[in-house]
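To start, the structure itself, in structure tokens.
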There are 2 protein chains.
Amino acid sequence: MSKLPEKTIGRLSEYRRTLLNCLANGKTHVFSHDLANLHNITAVQVRRDIMLIGYSTTLKKGYDVKALIDVIGNIIDTKDGLNAAIIGIGNLGRAITAYFNGKRTRLKIAATFDTDPEKTNRVISGVKCYPISEMGRIIKEQDISIGILTVPPEDAAAVTETLIMAGIKGILNYTSTSLNVSPNVYLEEYDMITSLEKVAYFVKEKNE
Amino acid sequence: MSKLPEKTIGRLSEYRRTLLNCLANGKTHVFSHDLANLHNITAVQVRRDIMLIGYSTTLKKGYDVKALIDVIGNIIDTKDGLNAAIIGIGNLGRAITAYFNGKRTRLKIAATFDTDPEKTNRVISGVKCYPISEMGRIIKEQDISIGILTVPPEDAAAVTETLIMAGIKGILNYTSTSLNVSPNVYLEEYDMITSLEKVAYFVKEKNE
DNA sequence: TAAACATTGTTATTTAATTAACAGTGAAAT
DNA sequence: ATTTCACTGTTAATTAAATAACAATGTTTA
Ligand SMILES: NC(=O)c1ccc[n+]([C@@H]2O[C@H](COP(=O)([O-])OP(=O)(O)OC[C@H]3O[C@@H](n4cnc5c(N)ncnc54)[C@H](O)[C@@H]3O)[C@@H](O)[C@H]2O)c1
Ligand SMILES: NC(=O)c1ccc[n+]([C@@H]2O[C@H](COP(=O)([O-])OP(=O)(O)OC[C@H]3O[C@@H](n4cnc5c(N)ncnc54)[C@H](O)[C@@H]3O)[C@@H](O)[C@H]2O)c1
């Protein structure tokens with residue numbers, strides 16, 4: 001298995017979501033082109049991704065939904081799951097917490113952190129919010145390996161520093177500041193304004 | 001100029017954000033490697049992107065911050081700006097609206113839409129929320145060309161249909177359902193769970 | 001001023017990702 | 001049964017993106 005392309009990992013996650021839907025609707029098998037249509041990509045891409053993870057079917061009646069879900073799970077999930085924390089439980093942090101809560105069993109938001117005394121030491125959106133000063137301790141105690149950053153942009157760098165000191169292994173950064181992390185920490189960044197500006201640019205392009 | 005790589009567009013948006021920061025801090029010039037460090041990429045990449053948009057400096061004291069902001073603006077922005085709408089003013093929709101409101105002059109959230117009568121015909125997070133039934137009319141009246149989808153996943157497809165009928169030109173889809181749109185509409189999709197699962201996968205990888 | 005240096009712009013190379021091509025094979029049709 | 005058909009798996013080709021290489025040139029230092 002070793003080295004799967006980064007893009008493939010993203011698509012596997014999406015396939016699984018769709019497959020879980022199929023399962024819920026009683027579909028037991030799905031063709032590569034069905035999966036492709038549902039994701040706006042080509043059937044070849046789907047087959048190639050699935051080839052890469054080593055699953056294959058002898059039948060010509062499509063992939064076995066259940067089996068494929070399991071195979072993808074073996075790639076993406078860890079045996080015991082991973083814990084994540086939200087840092088900065090403001091508007092976005094609360095939306096994410098409320099959304100994730102109870103959605104994935106293998107990946108859960110175990111704690112949130114904030115500096116605002118109005119928010120700390122309370123349960124917000126179903127998860128306990130701790131003062132940032134306790135971050136190191138809680139991250140270790142609760143074996144949290146992923147940090148989701150939703151603090152104000154100007155605090156992002158400092159918070160990241162603390163997170164890494166506390167032994168965090170992966171960061172999902174939603175603040176509009178890009179971060180520098182040591183290469184043993186995986187960093188994924190997403191900026192909504194960039195996305196929106198991209199849409200705007202291509203809308204403009206198409207009009208010309 | 002014609003065809004800029006998609007990735008470059010994304011980075012230009014990010015450079016501009018950083019450049020605006022520089023400007024605010026009184027920096028008038030910035031080196032390619034400064035910009036690179038701030039974005040976790042290489043200086044070559046920065047220079048190449050900037051080459052592609054046709055800006056260059058004769059000085060060897062870095063790029064002129066103000067000038068570069070303008071050049072990027074000419075690429076990304078339209079003359080009169082574009083209007084966007086949020087569809088589904090729930091947790092995520094509200095967070096986005098509150099965040100964007102008053103941030104970009106050239107790109108603004110002009111209206112929001114929802115089905116919930118508790119929410120419609122009120123101002124939420126600073127923007128008027130209309131019932132979904134009026135979407136066609138409002139989109140035309142207010143010249144809205146971008147739709148940001150934050151409705152429940154099961155409603156995404158139907159809402160998209162309506163959006164396209166109303167003449168929307170670009171969609172930013174935050175629901176966890178991927179959409180099919182005609183090729184004259186630009187579609188950008190982002191799924192937080194996929195992002196988080198990607199982080200989880202690479203965290204797991206690194207541990208092995 | 002001359003030499004050393006730093007920085008840019010651009011072409012060439014490499015790497016990553018996608019798409020095309022097609023052989024192989026089970027299922028359905030005749 | 002045999003032919004046709006629909007799908008899959010995989011290698012090869014193409015395209016897109018990132019990186020390296022380096023000439024050109026303004027800046028700083030001796
Ligand atoms: N809201 C959105 O839709 C949206 C979109 C794109 C980007 N963002 C980014 O996400 C981040 C948060 O946005 P928001 O709208 O939720 O802002 P917000 O102000 O609602 O929330 C920020 C939260 O962080 C807390 N905080 C401040 N300093 C902190 C620190 N040092 N440590 C821990 N917590 C701290 C605040 O108390 C607050 O609860 C910002 O960086 C913003 O740029 C938000
Ligand atoms: N909250 C998050 O952080 C988050 C993260 C990832 C993805 N999402 C996705 O974003 C979407 C919204 O999430 P949320 O947490 O804000 O949910 P939410 O339930 O808080 O908000 C959904 C809103 O959409 C409205 N709505 C329902 N049907 C509608 C329709 N047909 N037309 C217009 N409006 C309608 C509801 O009244 C509600 O206000 C979901 O698809 C979810 O999968 C959310």
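Numbered from 1 within each chain, the chains take letters A, B, ... in sequence-line order.
Donor-acceptor pairing under 3.5 Å, judged by distance alone, is absent between the side chain of A:Arg48 and the base of D:dT10.
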Cut-off 3.5 Å, no hydrogens considered: what does the side-chain donor-acceptor table look like for residues 155-175 of chain B, sequence neighbours left out?
unit_1	atom_1	unit_2	atom_2	d
B:Thr160	OG1	B:Ala156	O	2.7
B:Thr162	OG1	B:Ala158	O	3.0
B:Lys169	NZ	B:Gly167	O	3.3
B:Asn173	OD1	B:Thr175	N	3.0
B:Asn173	OD1	B:Thr175	OG1	2.8
B:Asn173	ND2	B:Thr177	O	2.8
B:Asn173	ND2	B:Glu189	OE2	2.9
B:Tyr174	OH	A:Tyr190	OH	2.8
B:Thr175	OG1	B:Thr177	N	3.4

Table please: side-chain donor-acceptor pairs of residues 179-187 of chain A below 3.5 Å, with sequence neighbours left out.
unit_1	atom_1	unit_2	atom_2	d
A:Asn180	ND2	B:Asn37	O	3.2
A:Ser182	OG	A:Asn184	OD1	2.8
A:Tyr186	OH	A:Glu6	OE2	3.2
A:Tyr186	OH	A:Glu188	OE1	3.2

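Under the rule for a salt bridge (charged side-chain N to carboxylate O under 4.0 Å, His left out), B:Asp114 has no partner lying at least two apart in sequence or in another chain. B:Ser125 meets the side chain to side chain contact (heavy atoms under 4.5 Å, CB included) test with B:Arg94, B:Thr97, B:Ala98; sequence neighbours excluded. In this structure A:Thr42 satisfies the side chain to side chain contact (heavy atoms under 4.5 Å, CB included) test together with A:Val44, A:Gln45, sequence neighbours excluded. With sequence neighbours left out, B:Arg48 forms a side chain to side chain contact (heavy atoms under 4.5 Å, CB included) with B:Leu52.
Between A:Thr42 and A:Leu59, the one whose closest nucleotide on DNA chain C sits nearer the 5' end is A:Thr42.
Within residues 181-191 of chain B, no residue is approached by DNA chain C to less than 4.0 Å at the level of any non-hydrogen atom. Listed by residue number, the members of residues 6-17 of chain B with any heavy atom below 4.0 angstrom from DNA chain D are B:Lys7, B:Arg11. Shown for residues 60-70 of chain B: residues whose heavy atoms fall under 4.0 angstrom of DNA chain C, namely B:Lys60, B:Gly62, B:Tyr63. Using a 4.0 Å cutoff on non-hydrogen atoms, the parts of residues 31-39 of chain B near DNA chain C are B:Phe31, B:Ser32, B:His33, ordered by number.
With hydrogens and angles disregarded, no donor-acceptor distance shorter than 3.5 Å links the side chain of A:Ser32 to the backbone of A:Arg47. Using a distance-only test at 3.5 Å, with no hydrogens or angles considered, no donor-acceptor pair links the side chain of A:Thr112 to the main chain of A:Ile86. When atom types are taken as modelled, the side chain of A:Thr18 and the backbone of A:Glu14 share a donor-acceptor pair closer than 3.5 angstrom. Checking side-chain atoms of A:Thr150 against main-chain N and O of A:Gly88 turns up a donor-acceptor pair under 3.5 Å.
Across the protein-nucleic acid pair, A:Arg47 atom CZ and C:dT25 atom P stand 16 Å apart, rounded to whole Å. The distance from atom CE of B:Met51 to atom P of C:dG9 is 9 Å, rounded to the nearest whole Å. In this structure, B:Leu52 places its CG atom 11 Å from C1' of D:dA17, rounding to the nearest Å. The distance between atom CD1 of B:Ile50 and atom C1' of C:dT10, rounded to the nearest whole Å, is 14 Å. Distance NE2 (B:His29) to P (C:dT8): 11 Å, rounded to an integer number of Å.
If you check D:dA17, D:dG26, D:dA18 against the side chain of B:Thr58, the one that comes closest is D:dG26.
Distances shorter than 4.0 Å separate none of the side-chain N or O atoms of A:Ser56 from OP1 or OP2 on D:dT8.
Sorted by first and then second residue, the pairs that involve residues 133-154 of chain A and meet salt bridge (Lys or Arg N to Asp or Glu O under 4.0 Å), not counting sequence neighbours, are A:Glu134-A:Arg137, A:Arg137-A:Glu141. For residues 57-81 of chain B, every residue pair satisfying the salt bridge (Lys or Arg N to Asp or Glu O under 4.0 Å) rule, not counting sequence neighbours, is listed here: B:Arg16-B:Asp77.
Ion pairing of A:Asp49 with A:Lys7 is absent here, as no side-chain N (NZ or NE/NH1/NH2) approaches a carboxylate O to less than 4.0 Å.
Between B:Tyr63 and B:His29, a ring centre-to-centre spacing not shorter than 6.0 Å is recorded.
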